[in-house]
Amino acid sequence: MSDRRVALVSGCGKRDGIGAAIARGLSAAGHAVVVQDIATTGVKDVNEPTSAADPDWNGVESLVEELKAAGGAAAYVTGDISVEADVARMIGKAVETFGGIDIVVNNAGAPFSMGHGEIDKIDPEGWDRVMSINLRGTFLMCRAAAPYMRRKKWGRVINIASVAGRTGSKSNATYAASKAGVIALTQSIAMDLGPDGVTSNAILPGFILTTRSLSGMSKKLGKSEIDADTIAKATPNVPMARAGTPEDVAGAVVFLASDAASYISGQSIIVDGGNLRL
Ligand SMILES: NC(=O)c1ccc[n+]([C@@H]2O[C@H](COP(=O)([O-])OP(=O)(O)OC[C@H]3O[C@@H](n4cnc5c(N)ncnc54)[C@H](O)[C@@H]3O)[C@@H](O)[C@H]2O)c1
């Protein structure tokens, strides 16, 4: 890496979430990292364990301590990415703390059950809230970070979409449509910011083991406990013969954030163990 960059990663409140893994990966690569969530330990879906189940984990505060203990530079911010004033405050804090913003990773996503269901059962309010978090929130964060990247003539926009944004998803049209929007947003930003040295890419994870995805699976299957056998059955066509880990996604982010990826832009990088071969 040529020099230390400043990264802001949204949705980092859960110990085993994709956001925390991305923050750990970027920190290990030498970047200063600002970790974000709507609440210190994130929002839980209906079947997710509460913070009481993990008393040693205080969300983004614990993550910052962990990154600093490992020798990294880190800070946290809390706020709602769908609210313009919150986004302005959070980006402002990153700039004030570390002097700029070079890498924005939009990982925050609405809880699994929100806006969920077959098309004729989707609650329009759930639809609107998912769109406001997944799509408007990603847009607001990119919009607020763009001027700092343009100024430096270097930047990285990395949006965590989903394979569902390409394939659609049964009983999950809201989520799939929001992630398809994120993919088109990412491509458009690549065109707007490319002349200023900023790349913009989406990562499309397949099934990644986190408390959010396991709670989604337990809702879908009507089971309270998900065992290894159930997970194996849910990923029958994955050539790598396993579910993904948050670190699998983080690896792709660290690469896209690096100087080695300076000529890759407007792409959707699928991280699903080879399941979709497009
Ligand atoms: N886990 C998977 O299998 C999988 C697959 C494809 C895509 N993804 C995407 O990866 C991302 C992370 O997923 P995860 O499984 O780690 O789930 P997660 O629930 O751990 O992460 C999402 C985080 O976003 C935060 N958040 C929700 N609303 C917010 C708001 N308005 N403002 C700020 N933060 C908010 C939540 O508190 C949570 O901590 C999501 O965008 C998800 O759609 C996950």
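Treat the numbers as computed from the prediction; the structure is a model and nothing was measured.
A distance-only check finds no donor-acceptor pair linking the side chain of Asp37 to the backbone of Thr40 [under 3.5 Å]. Of the possible donor and acceptor atoms, none in the side chain of Arg212 sits under 3.5 Å from a partner among the backbone N and O of Gly17. Not a single donor-acceptor pair under 3.5 Å links the side chain of Gln36 to the backbone N or O of Thr78. In this structure, Glu84 contributes its side chain and Leu140 its backbone to no donor-acceptor pair below 3.5 Å. At distances below 3.5 Å, not a single donor-acceptor pair connects side-chain atoms of Ser27 with backbone N or O atoms of Ala23. Of the possible donor and acceptor atoms, one in the side chain of Ser265 sits under 3.5 Å from a partner among the backbone N and O of Ser200. One N or O on the side chain of Asn201 and one on the backbone of Gln267 form a donor-acceptor pair closer than 3.5 Å. At distances below 3.5 Å, at least one donor-acceptor pair connects side-chain atoms of Asp102 with backbone N or O atoms of Val6. Using modelled atom types, one side-chain atom of Asp16 and one backbone atom of Thr211 make a donor-acceptor pair closer than 3.5 Å. Judged by distance alone, the side chain of Asp248 and the main-chain N or O of Thr245 form a donor-acceptor pair under 3.5 Å.
The cluster map of Ile, Leu, Val, Met, Phe, Trp and Tyr, joined by side-chain heavy atoms under 4.5 Å apart, puts Val43 and Trp57 in different clusters. In the hydrophobic cluster analysis, where Ile, Leu, Val, Met, Phe, Trp and Tyr join through side-chain heavy atoms closer than 4.5 angstrom, Met141 is grouped together with Leu185. In the hydrophobic clustering of this structure, Leu8 groups with Val87; members are Ile, Leu, Val, Met, Phe, Trp, Tyr whose side-chain heavy atoms approach within less than 4.5 Å, directly or through other members. The hydrophobic clustering, which links ILVMFWY residues whose side-chain heavy atoms are closer than 4.5 Å, places Met90 and Val157 together. Both Ile158 and Ile22 are members of a single hydrophobic cluster when ILVMFWY side chains are connected at heavy-atom separations under 4.5 Å.
Here CZ of Arg129 is found 12.5 Å from OG of Ser178. Values are rounded to the nearest 0.5 Å. To the nearest 0.5 Å, the span separating CE on Met217 from CG on Leu209 amounts to 8.0 Å. Met114 CE to Asn172 CG: the interatomic distance, rounded to the nearest 0.5 Å, is 12.5 Å. Interatomic distance, Thr174 OG1 to Asp123 CG, rounded to the nearest 0.5 Å: 9.0 Å. Taken from OG1 in Thr41 to CG in Asn58, the straight-line distance is 7.0 Å, to the nearest 0.5 Å. Within the model, atoms CZ of Arg5 and CD1 of Ile101 stand 13.0 Å from one another, a figure rounded to the nearest 0.5 Å.
Counting heavy atoms from C-beta outward, His116 and Ser171 have side chains that approach closer than 4.5 Å. The closest side-chain heavy-atom distance from Leu26 to Val105 is below 4.5 Å. Between Arg156 and Asp259 there is a side-chain heavy-atom pair separated by less than 4.5 Å. Put simply, the side chain of Arg242 does not reach to within 4.5 Å of the side chain of Thr235, judged on heavy atoms. Taking the side chain as every heavy atom from C-beta outward, Arg24 and Pro246 never approach each other to under 4.5 Å. In this structure, Phe112 and Glu48 have side chains that are not in contact, with every pair of non-hydrogen atoms separated by 4.5 Å or more. Residues Phe255 and Ile269 have side chains not in contact (no heavy-atom distance under 4.5 Å, counting atoms from C-beta outward).
A 6.0 Å sphere centred on CZ of Arg143 holds no more than 12 heavy atoms belonging to other residues, nucleotides or ligands. For OH of Tyr76, the number of neighbouring non-hydrogen atoms (other residues, nucleotides, ligands) closer than 6.0 Å is 12 at most.
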Trace of the side-chain contact (heavy atoms from CB on, under 4.5 Å) decision for Val238 with Phe207: CA-CA 10 Å; Val238 175; Phe207 181 64; over 6 Å; no
Worked verdict on Ile81 versus Asp86 for side-chain contact (heavy atoms from CB on, under 4.5 Å): CA-CA 7 Å; Ile81 57 163; Asp86 280 18; over 6 Å; no
Side chain to side chain donor-acceptor pair (under 3.5 Å) assessment of Asn159 paired with Thr138: CA-CA 8 Å; Asn159 293 329; Thr138 301; 5.3 Å; no
Pair Leu256-Ile264, side-chain contact (heavy atoms from CB on, under 4.5 Å): steps then yes or no: CA-CA 8 Å; Leu256 287 173; Ile264 299 173; 4.2 Å; yes
Ile160 vs Val182, side-chain contact (heavy atoms from CB on, under 4.5 Å): CA-CA, chis, key distance, verdict: CA-CA 8 Å; Ile160 309 302; Val182 169; over 6 Å; no
CA sep, side-chain torsions, deciding dist, call: Asn275, Asn237, side chain to side chain donor-acceptor pair (under 3.5 Å): CA-CA 6 Å; Asn275 191 27; Asn237 302 316; 4.8 Å; no
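Minimum interatomic distance between Ser162 and Lys179 (heavy atoms only, all atoms of both residues): CB-CG, 3.8 Å. Of all heavy-atom pairs spanning Pro236 and Ala234, the tightest one is CD-C, 3.2 Å. The minimum heavy-atom distance between Trp154 and Ala257, with the atom names listed, is CH2-O, 3.4 Å. Here the closest heavy-atom approach between residue Ser62 and residue Asp56 is recorded as OG-O, 4.0 Å. Nearest heavy atoms, Leu204 versus Ala161: CD1-CB, 3.8 Å. Scanning all heavy atoms of the two residues, the minimum distance from Gly266 to Gln187 falls at O-CG, 3.6 Å.
A salt bridge does not link Lys14 with Asp54: none of the charged nitrogens is closer than 4.0 Å to a carboxylate oxygen.
In this structure, Arg136 forms no cation-pi arrangement with Phe139, as its terminal cationic atom is not both closer than 6.0 Å to the ring centre and no more than 45° off the ring axis.
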